[in-house]
2 protein chains.
Amino acid sequence: MARDKAKDSPSDKVGTICRALRRAIIEQALEPGAKLPEDALGERFGVSRTIARHALGQLAAEGLVELRRNRIAVVATPSWQEARDTFDIRIELERLVVRQLAGRLSKAQLATLRAQVDQEEVARGGSDAVSIRLATEFHILLASMTESAIMIRYISEIAYRCCLTLSLFSRPHSSECAINEHRLLIDALESGDAEKAMSLMHHHLDSVAERALVAQAKPRGRDIMDILAPYADAPVTRSAVRKRRLDAAE
Amino acid sequence: MARDKAKDSPSDKVGTICRALRRAIIEQALEPGAKLPEDALGERFGVSRTIARHALGQLAAEGLVELRRNRIAVVATPSWQEARDTFDIRIELERLVVRQLAGRLSKAQLATLRAQVDQEEVARGGSDAVSIRLATEFHILLASMTESAIMIRYISEIAYRCCLTLSLFSRPHSSECAINEHRLLIDALESGDAEKAMSLMHHHLDSVAERALVAQAKPRGRDIMDILAPYADAPVTRSAVRKRRLDAAE
DNA sequence: ATGCCCAAAAGTGCATGCAATCATGATGCC
DNA sequence: GGCATCATGATTGCATGCACTTTTGGGCAT
């Protein structure tokens with residue numbers, strides 16, 4: 001059953017900070033572009049900058065945080081293309097997951113999965129934050145049932161990154177259909193129909209990606225510089241650029 | 001064309017150390033289980049322990065290094081099962097790579113790939129270290145042509161981990177056939193036959209994995225504790241265990 | 001001799017301090 | 001008034017120092 005979190009390598013302080021930040025990001029409390037100063041993190045979690053810094057390094061390695069030399073770290077802002085690439089890989093990996101899992105899940109495991117979906121159902125009326133977190137946890141739960149440490153790690157990473165994408169590109173977050181898709185998937189896994197499960201997963205993720213990415217080249221919000229890029233025809237002075245960037249950041 | 005190394009986030013000192021260690025690992029200068037004391041690394045690279053430590057953290061996040069609390073970091077020693085899982089994922093991802101690349105490579109890119117294989121050919125008589133490195137670089141080169149940052153990162157990580165596996169489980173490293181398989185793959189990519197390319201890649205990786213992993217449950221070498229595990233029927237005293245572990249480590 | 005126990009040595013975990021770099025508001029010039 | 005320049009505060013980059021844990025080697029009892 002491997003280690004339960006796979007990424008609290010050094011002590012646990014670093015791991016604690018990472019988990020907290022991941023969760024904050026997944027629930028969109030920290031939006032893409034949000035600043036993460038080492039001091040502030042250190043103070044908040046009662047550790048020194050050294051540890052906060054280390055945690056940021058880990059998250060950067062996962063692609064959740066962007067580290068720029070001598071600049072404050074920020075929550076990553078995946079480009080549209082990166083988001084597309086991420087979903088492509090996610091589809092392949094999750095197809096592999098359900099292929100390995102089809103017909104091999106215990107009753108207890110199936111029950112666990114269904115319990116998770118029930119939770120998603122309960123949270124449907126509530127905040128998007130919780131819905132997104134639960135949906136993401138469903139996929140990670142699935143991955144963890146493969147008991148492949150590396151698969152768990154990759155699926156987790158990618159799922160978190162997809163959450164980032166969702167908060168960047170997607171709107172209100174229509175989770176209604178997703179819940180049903182999760183249910184159908186569990187049924188296919190139970191019946192042992194690998195092909196069907198793979199197909200369901202494929203289309204499930206496709207539709208999530210589509211809701212987020214298709215027909216919407218507009219990154220909506222966050223970085224004004226990106227939004228304005230297509231309009232930037234006239235050359236601007238350096239200070240003007242600097243000012244705009246600041247406005248956008250805060 | 002994205003950033004060229006994807007993982008020298010903080011400054012470059014950390015990145016430099018990471019690259020050096022990755023290379024040492026890939027060329028089997030550092031075998032699985034090799035100790036990596038922070039002091040030694042810091043002195044060797046002319047930095048403080050802080051930086052060395054950070055680099056180890058990054059490598060641990062990539063799965064190349066194992067960090068145990070209050071213990072000296074060591075080069076990771078993947079279990080047989082982990083190795084199997086890694087290859088499974090690798091196959092899926094590299095199939096995706098060639099699917100995306102088939103028929104879309106420029107003449108220059110094809111030439112680059114063929115040049116790489118030529119190098120492999122040249123190195124055939126030489127040391128295994130170089131052969132393995134070149135073969136690994138071929139796969140990473142292929143991945144980099146997708147221009148998908150995340151794909152490049154994952155393939156690189158996995159390829160490095162597979163090198164670890166090879167140095168653990170595989171013997172002399174029979175690279176002759178691999179070279180030819182690389183050539184055939186390039187041809188398929190050039191002709192635009194995605195299905196064939198995917199199939200070639202699949203079987204190429206399968207055979208690499210098989211040479212490394214099949215018919216050989218014996219981890220050969222490294223950690224005596226693991227080898228002896230099946231024989232450990234009689235309870236042993238604490239000090240005896242401690243001594244054996246030391247012998248194995250050094 | 002053999003095995004146990006304890007003290008010195010080695011190594012990690014973490015905070016702090018200082019230099020270097022970036023950010024931002026004030027100043028002066030046009 | 002608008003724009004470039006510069007000084008000050010904010011923030012990172014990195015090394016060092018100290019406490020704590022593990023390792024190791026030697027002495028003591030058996």
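To find a chain, count down the sequence lines: A is the first, B the second, and so on, and within it residues start at 1.
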Whole-Å distance between [N] [atom2] and [X] [atom1]?
X      : N       : atom1 : atom2 : value
N70(A) : dG9(D)  : CG    : P     : 20 Å
R68(A) : dT12(D) : CZ    : P     : 11 Å
E38(B) : dC14(C) : CD    : P     : 11 Å
F45(B) : dC14(D) : CZ    : C1'   : 17 Å
R69(A) : dT12(D) : CZ    : P     : 13 Å
H54(B) : dC14(D) : NE2   : C1'   : 12 Å
R71(A) : dG13(D) : CZ    : P     : 11 Å
K35(B) : dT12(C) : NZ    : P     : 10 Å

Nearest nucleotide by nearest heavy atom, which residue falls closer to the 5' end of DNA chain C, A73(B) or T50(B)?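 The residue closer to the strand's 5' end, by nearest nucleotide, is A73(B).
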Between [X] and [Y] (side chain of the first, backbone of the second, donor and acceptor by atom type, cut-off under 3.5 Å), is there such a pair?
X       : Y       : result
R153(B) : A61(A)  : yes
Q116(B) : L134(B) : yes
R68(A)  : I72(A)  : yes

Kindly point out which of [options] is positioned nearest to the side chain of [X]?
X      : options                   : value
R53(B) : dT16(D), dT23(D), dG13(C) : dG13(C)
V47(A) : dA15(C), dC14(D), dT12(C) : dA15(C)
D39(B) : dA15(C), dG11(C), dT12(D) : dG11(C)

Test: D85(A) and R161(A) ion pair at under 4.0 Å: no
According to the interplanar angle, ranging from 0 to 90°, do the rings of H54(B) and H54(A) count as parallel (below 30°), tilted (30 to 60°) or perpendicular (above 60°)?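 H54(B) and H54(A): perpendicular rings.
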Output yes when at least one side-chain N/O atom of R49(B) is less than 4.0 Å from OP1 or OP2 of dA15(D), else no.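 No, R49(B) has no side-chain N/O under 4.0 Å of OP1/OP2 on dA15(D).
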With nearest nucleotide decided by heavy atoms, which residue, S48(B) or P37(A), maps closer to the 5′ end of DNA chain D?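 Per heavy-atom nearest nucleotide, the more 5' residue is P37(A).
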